[in-house]
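What follows is one structure encoded as C-alpha cells, with my remarks underneath.
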Amino acid sequence: MTSSRNNRHPQVEGGEEEGDGVGVVVVAVPFFGAVPAATALLATEDNERVRVPILIIEEAHLLDHEQLEAIRMLTNDEMDSNSPLACLLIGQPTLRHKIKLGVLAALDQRIQVRYNMPSMTGEETASYLVHRLALAGRSDTLFTDDAITLIHDTARGFPRAVNNLAVQALLSAYTEGKPIVDETSARAAVAEVTAE
C-alpha cells in the first residue's frame with residue numbers, strides 16, 4: 001500500500017496467498033470525509049472478487065456521532081439494495097445506548113444482528129484463567145479456588161475486569177513471595193484495583 005500522509009483519498013492494498021483463495025484488503029481512510037471514495041473502492045472489491053469486505057471496528061463505543069454517521073454512509077450504498085461491505089461494531093454497553101439516540105436512528109435501523117455478551121459464570125471464569133495461563137505457558141495451578149471466586153465475584157464475570165484483577169493478584173502474590181495466588185493476594189488486588 002502506498003502511504004502518503006498528505007493524500008486524502010482512501011488507498012487499497014490487496015493480495016491473495018497462493019492457493020488459499022483468501023485475500024486481505026486494507027482500506028485506509030485518512031479521515032471520515034472520504035466516505036464516497038471509500039464506498040467506491042469497497043464496491044469495486046465486491047464486484048471484482050465477488051466477496052463482501054468486512055469492516056471490524058473494536059472499541060466502537062469511543063466513536064463520536066460524526067464517525068458513526070460516516071459508518072452508516074459507508075453501508076448505505078445503493079439505498080440498501082446491496083451494501084458494499086459488512087460492518088461489525090464491537091464495544092462496551094455504552095455503544096448500544098449511543099446508537100439508540102434519536103440522532104443515530106438511521107444507523108440503528110440498519111443493524112441486523114445485535115449481541116450482548118453475558119458475563120461469565122464462576123466455572124467459566126476459572127476455565128478462562130486456566131486457559132489464559134496455558135497461553136502464557138503455565139500449566140500448573142497459580143490461583144486457589146478462593147482467589148478465583150473472589151476475582152470472579154468482584155469482576156462480576158466480565159473478562160476485562162477478571163484480567164485486571166488476575167494480573168494485580170499475580171503481582172501481589174509475587175511481591176509477597178508466594179508461589180500461588182491465595183485469597184489474601186486476591187483481596188490485595190481487589191483493594192488496589194478498586195481504590196480511587
Side-chain angles (χ1 to χ4, degrees), residues 1 5 8-13 24-39 41-43 45-46 51-77 79-80 83-129 131-132 135-136 148 150-171 189-196:
M1 179 165 79
R5 299 241 182 243
R8 292 203 171 259
H9 298 287
Q11 299 172 20
V12 176
E13 176 180 303
V24 176
V25 176
V26 177
V27 176
V29 181
F31 71 110
F32 278 97
V35 170
T39 301
L41 288 169
L42 290 167
E45 174 66 16
D46 184 32
R51 287 185 276 189
V52 177
I54 300 173
L55 172 64
I56 301 172
I57 300 176
E58 286 194 54
E59 304 290 347
H61 59 277
L62 299 175
L63 297 175
D64 61 29
H65 295 290
E66 197 173 285
Q67 292 166 326
L68 287 167
E69 178 63 14
I71 291 167
R72 182 192 68 81
M73 294 299 293
L74 278 173
T75 62
N76 200 33
D77 187 57
M79 300 302 287
D80 292 333
S83 181
L85 80 149
C87 185
L88 182 60
L89 299 176
I90 303 168
Q92 298 292 319
T94 54
L95 174 62
R96 181 177 295 224
H97 301 301
K98 189 181 287 190
I99 290 174
K100 287 289 182 189
L101 296 175
V103 70
L104 294 171
L107 176 62
D108 187 38
Q109 293 165 3
R110 297 190 58 74
I111 297 173
Q112 294 177 354
V113 178
R114 297 169 198 264
Y115 180 75
N116 183 32
M117 188 174 98
S119 59
M120 297 183 289
T121 65
E123 186 177 298
E124 289 170 332
T125 298
S127 294
Y128 176 75
L129 288 172
H131 172 72
R132 298 283 299 199
L135 289 175
I148 292 172
L150 180 60
I151 289 169
H152 169 76
D153 291 345
T154 305
R156 298 184 323 242
F158 294 119
R160 185 176 292 178
V162 168
N163 288 342
N164 292 340
L165 287 168
V167 166
Q168 193 63 44
L170 285 166
L171 288 171
V190 169
E192 181 68 29
V193 170
T194 60
E196 293 182 357

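Because the structure is predicted, anything quoted here is derived from the model rather than measured. Values below: all heavy atoms of this structure, side chains included; hydrogens, waters and symmetry mates excluded.
- Residue Arg114 places its CZ atom among more than 12 non-hydrogen atoms of other residues, nucleotides or ligands, all under 6.0 Å distant.
- At least one donor-acceptor pair closer than 3.5 Å links the side chain of Lys98 to the backbone N or O of Leu63.
- Within the model, atoms CD1 of Ile57 and CD1 of Ile71 stand 3.5 Å from one another, a figure rounded to the nearest 0.5 Å.
- How far CD1 of Ile151 is from CG of Leu165: 6.0 Å, rounded to the nearest 0.5 Å.
- In this structure a side-chain-to-backbone donor-acceptor pair under 3.5 Å is present from His61 to Gln92.
- Here the shortest heavy-atom pairing between Ala161 and Ala155 reads CB-CB, 3.5 Å.
- With 3.5 Å as the limit, one finds no donor-acceptor pair spanning the side chains of His65 and Gln67.
- Here Gln109 pairs with Ala105 under the side chain to side chain contact (heavy atoms under 4.5 Å, CB included) rule; sequence neighbours left out.
- Between Ile148 and Leu129, the shortest heavy-atom contact is CG1-CD1, 4.0 Å.
- The side chain to side chain donor-acceptor pair (under 3.5 Å) test applied to Gln168 returns no partner, not counting sequence neighbours.
- Listed by first and then second residue, the side-chain hydrogen bond (donor to acceptor under 3.5 Å, both in side chains) pairs that reach into residues 150-159 are Thr125-His152, sequence neighbours excluded.
- Separation of atoms CG (Asp108) and CZ (Arg96) is listed at 9.5 Å; rounding is to 0.5 Å.
- Between the CG atom of Leu89 and the CG atom of Leu107 there is a distance of 6.5 Å, given to the nearest 0.5 Å.
- When all heavy atoms are compared, the tightest approach of Ile111 to Val113 is CG2-O, 3.5 Å.
- Scanning both residues, Met120 and Pro159, for their nearest heavy atoms gives CE-CA, 3.9 Å.
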